[in-house]
Amino acid sequence: MAVPVRVRFAPSPTGHLHVGGARTALFNWLFARHHGGVLIVRIEDTDRSRSTEENIGHIVEALAWLGLDWDEGPPAAGYRQTERFDLYRAHAERLRAAGRAYYCDCPPEELDRQRKVAEARKETFRYSGRCRERGLEAGALRLRIPDEGETVVRDLIHGVVTFERQQLDDWILVRSDGTPTYNFCVVVDDVTMRITHVIRGNDHLSNTPKQVLCYDALGYAVPEFAHVSMILGADRSRLSKRHGATSVQAFRDAGVLPEAMVNYLARLGWSHGDQEIFSRDELIEHFDIKDVSSSGAIFDQAKLEWTSQHYLKTIDGARLAGLLEPFVRAAGLTPPADRGRLAAMADTLRERAKTLKEMAEAGRFYFERPAAYEPVAARTLLTAEGARRLQAIIARLEAEPSFTAGALEAIHRELAAALGLKLVDLAQLSRIAVTGRTASPPIFEVLALLGREESLVRLRAARVACAGS
RNA sequence: GGCCCCAUCGUCUAGAGGCCUAGGACACGGCCCUCUCAAGGCUGAAACACGGGUUCGAAUCCCGUUGGGGCCA
C-alpha cells in the first residue's frame, strides 16, 4: 500500500449530530480502520451565525459515545475552518497570481437578473465571464474554468459521473467581503490535510465537479470520492425533525445502546451477505465502501428497536446494570446500592425492553411498591375470593425457609393443585399484588429478587385492597 | 427550471446474464412453547416501477417513460 489512507469527517456545528452525519462518520471511520488509515475530524464552522461552541461539544460527545475515535482533530487547534483563513487566502492569492482566478465586480442585482432570464429560457445560469479579462484588483474572486469539454467525477459508489462544462461556470472562491466560499474551503482543507478519500453525503455530488476544477487549477491530484446516499424519512424526503428523533443524542437519551446504533447505521445502506448483527471488529473487517448502496435509505425506527433489543439481550450483565442505573434515576426511582442486585433485576428485564428507558419503566416495581393496581385486572383478581387465595399464598410463604424462584414456583403449583386451580390463577394474583401489573418478568423470579419481607408486605397490602375485605 | 443521483417484498437488503418457481432480516398474520408479557422455534402473506431493445436466455446490460431525492439561488 503506497499511500496511507487519510479520510475525514467534516460536520458543521449548527446542531446536534444527525443520524445521517453519524452514518457518514461511521463509514469514514470504518474505512480508515479497515485500511489502517487515519481519520480526521474537521469542524466546518464558516457559517458563524449558526455555528456554536456548544454544538461542537455535542458532536464530539456523540462521536465519542458511538465509539468513533479520530486520529487528528479537536481538541487540537487548526481543525476548524475559522482557524484556517490564512490558508484559504494564500491559496486564493496563488490562483489569482497564476491567472487561474480573477476578480469580478458585477453587482449581485445584475447577476440575479441574468439568473432569472436564464431560468425563464429554461437554461442553466452561467456567469457571463464579463470580468475575465478586465484585470480588476478587487471584488469577488472567481475561478476561471475551461469553457469546453466535460469534467468527470470518479466515484467509488456511483462510478463515473460526467458533467458538461457548459453547465458549470466561473464560480466564486472568495466573496467580495473577503470570506471564502464553502466549496473553496473544502478543497483547500482536503488538499492541505492530504485527504486521499472523500466519503461524504450524496448532496455534495453536484458540487464535486466544481471542486475537481479547483484541484486542477491548484495543481493538486484529485482524491477518490465516495458519495453515500442520504437517510430518508418514511415519506422518502430527507430525514428531518418532523420525522421524529433524528439526533444521535436523542437515541442515546432514549436508552439505545451505542453498539446497537452503530450496527443499525452500518446496515442502513450497507450489507455483507445476509448478516444482520456485526461486532465492531466484524464491521471493520468486512466493511468495503463498494458495498455501500447507491440509493437512499429510509430510517426504520422499528428495526433500530429490534437491533437495540438484540444488544440489550446479549450485553454483559455488569455493564447493563451500569448503563441502566442512570435511567432508573431519571425515572425518579432509586436503584439498589448493590450493583449485583441491580444486574439481577436487569437480567429479568432485558428481553422485555427495546431501550434502557423502557427497561427502567418496565422494572419500576423493583424500586417502589405499586401505587395502584391495573384497574381492569384488579376488578377480576382482587375480589373476596382473591383475598382468600392471597391469604393462602401469604401463609405458605411465611412458612417457606428457601425464598428461591424454584421453591416459590413449587409452592404456587402445590397450592393451585390443592385449591383446584391452575397455576396461572395464582401467578397472576401474585403478579398484580407485587407489581401492580398483569405483565412482568417471571413472577417467581421477581418474588425471589424482592425477598421474603418485601414480597409479603406487598401481598398483604393487595389482600387488604381486595373488594369486600 | 437546468443539471446530477436513485429505482427488488411496507422497510433494510441478497442478487454482479442462466444457481431465481427471487434469498435473508425488520414489521405484520398463524401455530408451538408458556405463570403474564416478552424472548425463542416453526410457518404464512408480501417485491424485480413501466415500455422498448440486446441476447438462445435479463431482476441483472442499453435506451426511453414515470416516480422519488439532491445541487444550483
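Note: hydrogens, waters and symmetry copies are ignored here, and every other heavy atom, side chains too, is used.
- Closest approach to the A:Val424 side chain among B:C35, B:A25, B:G10 is made by B:C35 (side chain taken as heavy atoms from C-beta onward).
- For A:Arg267 and B:U13, the CZ to P distance is 7 Å, given to the nearest whole Å.
- Closest approach of A:Val434 to A:Phe365, counting heavy atoms only: O-CB, 4.2 Å.
- In this structure, the nucleotide among B:C72, B:A39, B:A25 sitting nearest to the side chain of A:Glu351 is B:A39.
- The residue A:Ser293 sits close only to the backbone: its heavy atoms come under 4.0 Å of sugar-phosphate atoms, none of a base.
- Counting non-hydrogen atoms under 4.0 angstrom, A:Pro209 reaches nothing in the nucleic acid.
- Between A:His272 and A:Val161, the residue whose closest nucleotide on RNA chain B is further toward the 5' end is A:Val161.
- Contact between the side-chain N/O atoms of A:Arg437 and the OP1/OP2 oxygens of B:U36 is not found at any separation under 4.0 Å.
- Remark: the separation of the P atoms in B:G29 and B:U60 is 34 Å, to the nearest Å.
- The only option from A:Trp270, A:Tyr311, A:Tyr264 that meets the ring pair (Phe, Tyr, Trp, His ring centres under 6.0 Å) definition with A:Phe278 turns out to be A:Trp270.
- Each of A:Trp29, A:Phe27, A:Phe31 was scored for a ring pair (Phe, Tyr, Trp, His ring centres under 6.0 Å) with A:Phe287, with one residue passing: A:Phe27.
- Within the nucleic acid shown, A:Gln309 comes within 4.0 Å of sugar-phosphate atoms alone, with no base atom in reach, counting heavy atoms only.
- Both A:Gln275 and A:Met230 lie near RNA chain B, and the one whose nearest nucleotide falls closer to the 5' end is A:Gln275.
- As judged by a 4.0 angstrom heavy-atom cut-off over every strand, A:Ser206 is placed among the base-contacting residues.
- With B:G23, B:A39, B:C37 as the choices, the nucleotide that has an atom nearest any side-chain atom of A:Ala439 turns out to be B:C37.
- Using a 4.0 Å heavy-atom cutoff across all strands shown, A:Gln167 reaches sugar-phosphate atoms only and no base atom.
- Listed pair A:Arg238 / B:C5 fails the phosphate criterion, with no side-chain N or O lying under 4.0 Å from OP1 or OP2.
- Residue A:Arg165 comes nearest to A:Pro146 through the heavy atom pair CD-O, 3.5 Å, listed as atom of the first residue, atom of the second, then distance.
- Between the base of B:G70 and the side chain of A:Asn202 there is no donor-acceptor pair shorter than 3.5 Å.
- Of the candidates B:C4, B:A38, B:C12, B:C12 carries the atom nearest the A:Ile298 side chain, counting heavy atoms from C-beta on.
- Remark: A:Lys313 is in phosphate contact with B:G40, judged by side-chain N or O atoms under 4.0 Å from OP1 or OP2.
- In this structure, A:His158 reaches the B:C6 phosphate: one of its side-chain N or O atoms is under 4.0 Å from OP1 or OP2.
- Picking from B:A38, B:C6, B:U36 the nucleotide with the shortest atom distance to the side chain of A:Ser295 gives B:C6.
- When distances run from any side-chain atom of A:Asp203 to the nucleotides B:A39, B:C71, B:U36, the shortest one goes to B:C71.
- Residue A:Glu123 places no side-chain atom within donor-acceptor reach of the base of B:G1, judged by atom type and a 3.5 Å distance cut-off alone.
- Among the heavy atoms of the strands lying under 4.0 Å from A:Ser271 are primed sugar atoms or P, OP1, OP2 only; no base atom is included.
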